[in-house]
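In what follows, every heavy atom counts, from backbone to side chain, and hydrogens, waters and symmetry copies are set aside. Ligands are counted one by one from 1 in listed order, and the atoms in each one are counted from 1 as well. Just so it is clear, the structure is predicted and the values come from calculations on it, not from any experiment.
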Amino acid sequence: MKYGFFDDEKREYVIETPFTPLPWINYLGSQEFFGLISNTGGGYCFYRDAKLRRLTRFRYNCVPRDTGGRMFYINDNGTIWSPTFLPSKTPLDSYRCRHGMGYTIFESGKNGVETQLTCFVPLDVNCEVNRLVIKNSSDMTKDLSIVSAVEFCLWNAVDDSTNFQRNYNIGEVEVEGSVIYHKTEYRERRNHYAFYSVNQKTAGFDTDLDSFLGRFNSYDTPQAVINGRSGNTVAHGWSPIGSHRLEYTLSPGEEKEIIFILGYIELPGNEKWEGPAANGVINKKPAQELAAKYGNSETVKKELGDLALYWNDLLGRYEADTGDKKLDRMVNIWNQYQCMTTFNMSRSASYYESGTGRGMGFRDSCQDLLGFVHMVPGRARERILDIAAIQFKSGGAWHQYQPLTKRGNADAGMGFNDDPLWLIACTYAYIAETGDYSILDELVPFDNKEGTERPLFEHLRASFNYTLNNLGPHKLPLIGRADWNDCLNLNCFSEEPGESFQTCANIESEAESVFIAGMFVLYGAQFAELCDKKGYTDEADAARREIKNMSEAVLAHGWDGEWFLRAYDSNGDKVGSKECNDGKIFIEPQGMCVMAGIGVDSGEAVKALTSMKERLTFEYGTCLVAPAYKEYHLKLGEISSYPPGYKENGSVFCHNNPWASIAETRVGNAEEAFEIYRRTCPAYIENISEIHRTEPYVYSQTIAGQESPAPGEAKNSWLTGTAAWTFVNISQYLLGIRPELDGLRIAPCLPKHYDKMRVKRVYRGAVYEISFERSIDKGVWVGGKKIEGNIVPAANEGDVVQVKVQM
Ligand code: BGC
Ligand code: NOJ
């Protein structure tokens, strides 16, 4: 069942009912000011940091779900309705929510009144614009009142939802004209305030939540709306809100445009006040300017146009025309869009990540980069340097850092032994994309300590050596706290309810990870290539010897007969082996070892992938582990804390499905490689939205697995490394256009029925127009000439290069 449709022309997903199985959301904003917005107008806004600079409140486990956000009420002769359906819940005569690139539009109607509400954040501007166009389409004159509402968050979202003894005293606002200013804590240490304006003369306002709602009402029926009277209240403490009342008489056919702005203003200390600080009157000038500028119809049109150009540019760097609409819309629009969202949000703010928890993950950020580096290479460069600065001299790293401070976050710990190798992966990807080797010479401190700055290259060397310096009894890498699978905690024996498996006390053991061994072979080889480019030939040779040793160790001790083992636990017992009762086979080492080329020539790779398909793959994807753990295993950690079929315990953990797919391309199995891609790809499963439940235009972290009670049900949409990895898979391995140090490698691996296609790829400033067709005469032609091999060297900036591929 579907709840909407893709409008590829406009790059929108159009939702046709508010009754989606879950809130289906979109993101607004591209630089510092962001908003989350659901298909019923829910969500919240923040400036840079969803925890520390939250502008509007959101209650995560609110009942009913998704209350709050941008609230509008239209009172048409006693019928009260909302253009976004919520909060009033009045059935609408028509409803559409169009989620597009950085904007969301609601088109609704009731009793001959039609509204169009456009929500977006202009590029580089710290505000959200809500433009409401309201039209009387009936043949009678209508007296309409419109009430808006937002509920302010007292900035620190955690404090806001916990520290009530203080919070109920501190709320402060000012109201002047049609602008409501939220200035809580501005009198003391804050130099920022928020405002909520409307570009019209108001007929009233409210800023005090309790007076607005009335004693026992909630947002569906606020007293001020029901009674048709705003209280002109000025909040002192409790919960400050911003609400405007507008009243119009519209004759038949008449329409009115109203522009609301929710903005954020920061001022230097000496400009904070209008007059003496003791008067407590804030300097409103910058807010008034912003409200005036964006509260203007022409400006709004222009800004929407600029936003479209911004996305044209970003998405115009990889455009496929394969003849398969579903594939094209994912590649050209939604997958790349989601990659940019993970760039902006990391794992902080979604409808499942509260924005108050995690900072930027080391491994998460490195992997996200693989998916957006072609769109924003300059910002990717900056990101790499930030990440490298939380590495230690040993090569190990803090597992997370805070975006505001860019410092390692001690709360999230260290010792996740896969982390260092991801730094090689993302740096290699950056150079392969840009050809910019200068990044390797950038001086980057260790653990952000002044005086420890060394060239980035030395950080990569430290990453490579970290694995070698931490080998176990089988010469396989020690796992540490965990590797990619945060929940396989082989050194943590937790019996304390609620304790974090990622940060609680760890024992010292020699538990080893076959997965990290695969990573070492894959990314070690990239390190060796970079050594060559730097002219460090001996180091490159030495690295390759270590890689060879590691491959041998994997085949000697990491091979279980039919598939790759997952690990050795703290006792030296096998994890992910036929000898285990549950947890016999894991997806990660099958994907990673084969991606690294281990066992490709000697036959283990194909065997491993066959076992993977037999044991882990079902209709909705390839599960992480099977059989899932049925009971808690003290020595395995969090993985066995999840019920069977969920999360790391045997869901389809979408992040690693692309590894499995890439592995299939490594052994030339195009059909299954594509099937793996297709099974979890949102556009292909749109018509089972009632089962999948999350948004059909973006990936979710997990899909309940074959052993769960609800197979196929997805959870935790949007902020997942799946976005980057599926884009790497489809763009570089299935369509097969892969940036490498010496140019674009062209190696498509697609099922037979994809027999003719075109891809436009912008690469190092040149445009490659690549056309593919099937032929027995295989090869790659550049500008009409057949080349040796399949690497198309980088052209000059501005060149348009015609590439013909016969596959
Ligand atoms: C989740 C993991 C996540 C980890 C760290 C666990 O509860 O299952 O997916 O990586 O927490 O935040
Ligand atoms: C989500 C985390 O953000 C990521 O770092 C981890 O690799 C996966 N969960 C798997 O545990």
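Around atom 9 (O) of ligand 1, the closest heavy atom drawn from Gln400, Glu648, Arg363 belongs to Glu648.
Each of the following atoms of ligand 1 lies closer than 4.0 Å to a heavy atom of Cys487: 1 (C), 2 (C), 6 (C), 8 (O). Under a 4.0 Å criterion applied to the non-hydrogen atoms of Gln701, ligand 1 contributes the atoms 9 (O). Ligand-side atoms of ligand 2 in range of Asn485: 11 (O), range being under 4.0 angstrom from any heavy atom. Heavy-atom proximity to Glu648, at under 4.0 Å, picks out these atoms of ligand 2: 9 (N), 10 (C), 11 (O). Here is the list of ligand 1 atoms found below 4.0 Å of a heavy atom in Arg358: 12 (O).
Contact annotation: for His655 versus ligand 2, there are no heavy atoms closer than 4.0 Å. Under 4.0 Å from ligand 2, heavy atoms of Asp486 appear from its side chain as well as its backbone.
When only non-hydrogen protein atoms are considered, atom 6 (C) of ligand 2 lies nearest to Trp484 O, 3.3 Å. Among all protein heavy atoms, the one lying closest to atom 11 (O) of ligand 1 is Gln502 OE1, 3.8 Å. Nearest to atom 4 (C) of ligand 2 among the protein's heavy atoms is Asp364 OD1, 3.2 Å. The nearest protein atom to atom 3 (C) of ligand 1, hydrogens excluded, is given as Asp486 OD2, 3.8 Å; this is a heavy-atom distance. Nearest non-hydrogen protein atom to atom 6 (C) of ligand 1 is Glu638 OE2, 3.2 Å.
Gln402 and Lys51 share no donor-acceptor pair across their side chains, judged by distance under 3.5 Å alone. Defined by atom type and a distance below 3.5 Å, a donor-acceptor pair is present between the side-chain atoms of Asn729 and Ser661. Looking only at atom types and distance, the side chain of Gln336 has a donor-acceptor partner in the side chain of His374 under 3.5 Å away.
Side-chain atoms of Met340 and Val376, non-hydrogen and from C-beta on, do get closer than 4.5 Å to each other.
Close to ligand 2: Arg358, with a non-hydrogen atom less than 4.0 angstrom away. Judged by the shortest distance from any of its heavy atoms, Gln701 lies inside the 4.0 Å radius around the atoms of ligand 2. For the ligand labelled ligand 1, residue Tyr642 lies inside the 4.0 Å heavy-atom shell. No heavy atom of Arg347 sits closer than 4.0 Å to any atom of ligand 1.
Without hydrogens or angle criteria, Arg481 side chain to Leu490 main chain gives no donor-acceptor distance under 3.5 Å.
Look at Arg678 and Glu675 and you find a salt bridge, because one of the NZ, NE, NH1 or NH2 atoms lies within 4.0 Å of a carboxylate O, short of that distance.
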### Task
Could you go through the side-chain contact (heavy atoms from CB on, under 4.5 Å) check for Phe586 and Ile639 one step at a time?
CA-CA 12 Å; Phe586 282 69; Ile639 187 166; 3.7 Å; yes

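Partner of Trp398 under the side-chain hydrogen bond (donor to acceptor under 3.5 Å, both in side chains) criterion, out of Asp419, Asp447, Asn409: Asp447 alone.
Aromatic ring pairs are classed by plane angle as parallel below 30°, tilted from 30° to 60° and perpendicular above 60°; the pair Trp725 and His655 is tilted.
Trp659 has its ring centre less than 6.0 Å from the ring centre of Phe515.
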